Asks: 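Got a structure here, written out as structure tokens. Questions coming.
Nothing here was measured: the structure is a model prediction, and the numbers come from that model.
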Amino acid sequence: MTLPFPPREEIARLTARMLLEIKAVHFNAAEPFTYASGLKGPTYIDCRKLISFPRIRSTLMDFLSATVLRDVGFDAFDNIAGGETAGIPFAALVAERLELPMTYVRKKPKGYGRNARIEGAMTEGQRVLLVEDLTTDGGSKLSFVDAIRDTGATCAHTAVIFYYGIFADTTQRLADHGVALHYLCTWWDVLAEARAQGFYDDATLSEVESFLTDPRAWQAANP
């Protein structure tokens, strides 16, 4: 398969535009979203929605595969692992493009049978790429990486479509665990493209920018 290798900036811009076009991105300063942590914010993204849009899905998986090849190397991996559940379809699509075996990692052992966290064939010494839809602070990736390493395989890279890019310690947190992060775009790319294409009014975009600049301060002012 021949993959496109556009400049990183163009990949980021086009990824942001596609996410906005299919309404995978939501901005609402008047009625903020409640996150899993219980905190609130004016932004929300649903990358799972991508699986229902074949042209966009295909383009983004080309971009993600090309990004990994460019960043890491053309013979750097032996296995592509998806994180349960959102990472599974994207891992399968990347594995197809890179012509590599695909596996997936459960969030926790299933509690019966082999009580396994890894589904599929993963063997000792394999170099594994962990694929997910997005990352916020990198925390959920560490559990998946540890499960992969427990098999005797190695995992030094994770690739995502979307990286929040607003928590300063995310990449360092992953690096401290021996993992490099590869991604297509961030909230800052989405904000820039939303402004350029007029997807939201100026007041909403200003509130979003305020949140992205200092999430904790915005949340304290908007309990």
Side-chain angles (χ1 to χ4, degrees), residues 4 6-64 66-67 83 85-87 89-90 93 131-141 158-174 181-223:
R8 296 179 194 280
E9 296 78 9
E10 184 69 357
I11 285 178
R13 186 186 71 81
L14 290 173
T15 299
R17 182 169 184 174
M18 286 183 258
L19 291 168
L20 286 159
E21 283 185 359
I22 66 169
K23 295 180 172 57
V25 166
H26 302 275
F27 292 159
N28 192 331
E31 299 179 16
F33 304 97
T34 300
Y35 303 137
S37 64
L39 297 173
K40 294 184 178 181
T43 64
Y44 183 75
I45 184 164
D46 180 11
C47 286
R48 292 173 174 84
K49 199 170 184 180
L50 290 167
I51 61 176
S52 297
F53 295 84
R55 285 190 298 275
I56 288 175
R57 179 186 72 207
S58 180
T59 301
L60 292 182
M61 292 303 96
D62 285 350
F63 285 171
L64 194 59
T67 295
T85 55
F90 302 122
L93 293 164
V131 173
E132 283 260 70
D133 60 337
L134 58 80
T135 192
T136 51
D137 62 1
S140 66
K141 306 293 173 287
T158 183
V160 299
I161 297 163
F162 189 82
Y163 165 44
Y164 270 50
I166 59 175
F167 300 112
D169 62 345
T170 301
T171 54
Q172 188 58 53
R173 184 180 188 185
L174 289 167
L181 175 65
H182 311 275
Y183 58 90
L184 300 185
C185 79
T186 71
W187 274 126
W188 294 106
D189 299 310
V190 171
L191 177 62
E193 190 63 13
R195 278 202 169 114
Q197 300 295 331
F199 276 96
Y200 289 92
D201 61 82
D202 289 342
T204 296
L205 295 176
S206 293
E207 277 296 304
V208 168
E209 183 171 15
S210 176
F211 170 74
L212 298 182
T213 301
D214 192 339
R216 301 309 183 202
W218 192 93
Q219 289 164 340
N222 298 270

Asks: Please lay out, stage by stage, how Thr59 and Met18 fare under the test side-chain contact (heavy atoms from CB on, under 4.5 Å).
Replies: CA-CA 10 Å; Thr59 301; Met18 286 183 258; 3.8 Å; yes
Asks: Between Asp169 (side chain only) and Gln172 (backbone N and O only), is there a donor and an acceptor less than 3.5 Å apart?
Replies: no
Asks: Within the 4.5 Å heavy-atom criterion, are Pro42 and Trp218 side-chain neighbours or not?
Replies: yes
Asks: To the nearest 0.5 Å, tell me how far Arg48 CZ sits from Phe90 CZ.
Replies: 9.0 Å
Asks: Would you call Glu21-Arg17 a salt bridge at under 4.0 Å N-O?
Replies: yes
Asks: Just how far is it from atom CD1 of Ile45 to atom OG1 of Thr136, taken to the nearest 0.5 Å?
Replies: 11.5 Å
Asks: Write down the atom of Tyr200, the atom of Val25, and the distance for their closest heavy-atom approach.
Replies: OH-O, 3.3 Å
Asks: If you compare all heavy atoms of Leu184 against all heavy atoms of Leu60, which two are closest, and at what distance to 0.1 Å?
Replies: CD1-O, 3.7 Å
Asks: Does some side-chain heavy atom of Lys23 sit less than 4.5 Å from a side-chain heavy atom of Phe199?
Replies: no
Asks: Heavy atoms only: give me the nearest Asp201-Thr204 pair and the separation to one decimal.
Replies: OD1-N, 2.8 Å
Asks: State, yes or no, whether a side-chain contact exists between Leu19 and Glu193 at a heavy-atom distance under 4.5 Å.
Replies: no
Asks: Kindly indicate whether the side chain of Ser140, heavy atoms from C-beta on, has any atom under 4.5 Å from the side chain of Glu132.
Replies: yes
Asks: Taking atom CG as the centre, does Asp202 end up with more than 12 heavy-atom neighbours from other residues, nucleotides or ligands that are less than 6.0 angstrom away?
Replies: no
Asks: Is the side chain of Lys49 donor-acceptor paired with the backbone N or O of Ile22 at a distance under 3.5 Å, no angle test?
Replies: yes
Asks: Applying the side-chain contact (heavy atoms from CB on, under 4.5 Å) criterion to Ile161, which one of Leu50, Val131, Leu134, Thr135 satisfies it?
Replies: Leu50
Asks: Rounded to the nearest 0.5 Å, what separates atom CG in Leu174 from atom CG in Asp137?
Replies: 8.5 Å
Asks: To the nearest 0.5 Å, what is the distance between CG (Asn222) and OG (Ser210)?
Replies: 8.0 Å
Asks: State the CG-NZ distance between Leu181 and Lys141, to the nearest 0.5 angstrom.
Replies: 8.5 Å
Asks: Mind listing the closest non-hydrogen atom pair of Ala194 and Leu205 along with its distance?
Replies: CB-CD2, 4.0 Å
Asks: So, taking the atom named CE in Met61 and the one named CD1 in Ile56, what distance separates them when rounded to the nearest 0.5 Å?
Replies: 11.5 Å
Asks: Between Lys40, Glu207, Gln219, which is the residue that forms a side-chain contact (heavy atoms from CB on, under 4.5 Å) with Pro32?
Replies: Lys40
Asks: Taking only residues two or more places apart in sequence, or in another chain, which ones meet Phe33 in a ring pair (Phe, Tyr, Trp, His ring centres under 6.0 Å)?
Replies: Tyr44
Asks: Just jot down the side chain to side chain donor-acceptor pair (under 3.5 Å) partners of Thr171, sequence neighbours excluded, or say none.
Replies: none
Asks: Flag the pair Tyr35 / Thr43 as yes when at least one side-chain heavy-atom distance between them is below 4.5 Å, and no otherwise.
Replies: yes
Asks: Decide side-chain contact (heavy atoms from CB on, under 4.5 Å) for Leu191 and Phe211; before the verdict, give the C-alpha distance in whole Å, the side-chain angles of both, and the deciding distance to 0.1 Å.
Replies: CA-CA 11 Å; Leu191 177 62; Phe211 170 74; over 6 Å; no
Asks: Apply ring pair (Phe, Tyr, Trp, His ring centres under 6.0 Å) to Trp187 and list each qualifying residue two or more places apart in sequence or on a separate chain.
Replies: Phe27, Phe162, Tyr164
Asks: Which heavy atom of Cys185 sits nearest to which heavy atom of Ala12, and what is that distance?
Replies: CB-O, 3.6 Å
Asks: Between Trp188 and Ile166, is there a side-chain heavy-atom distance shorter than 4.5 Å?
Replies: yes
Asks: Output yes when a side-chain donor or acceptor of Thr213 lies under 3.5 Å from a complementary backbone atom of Glu209, and no otherwise.
Replies: yes
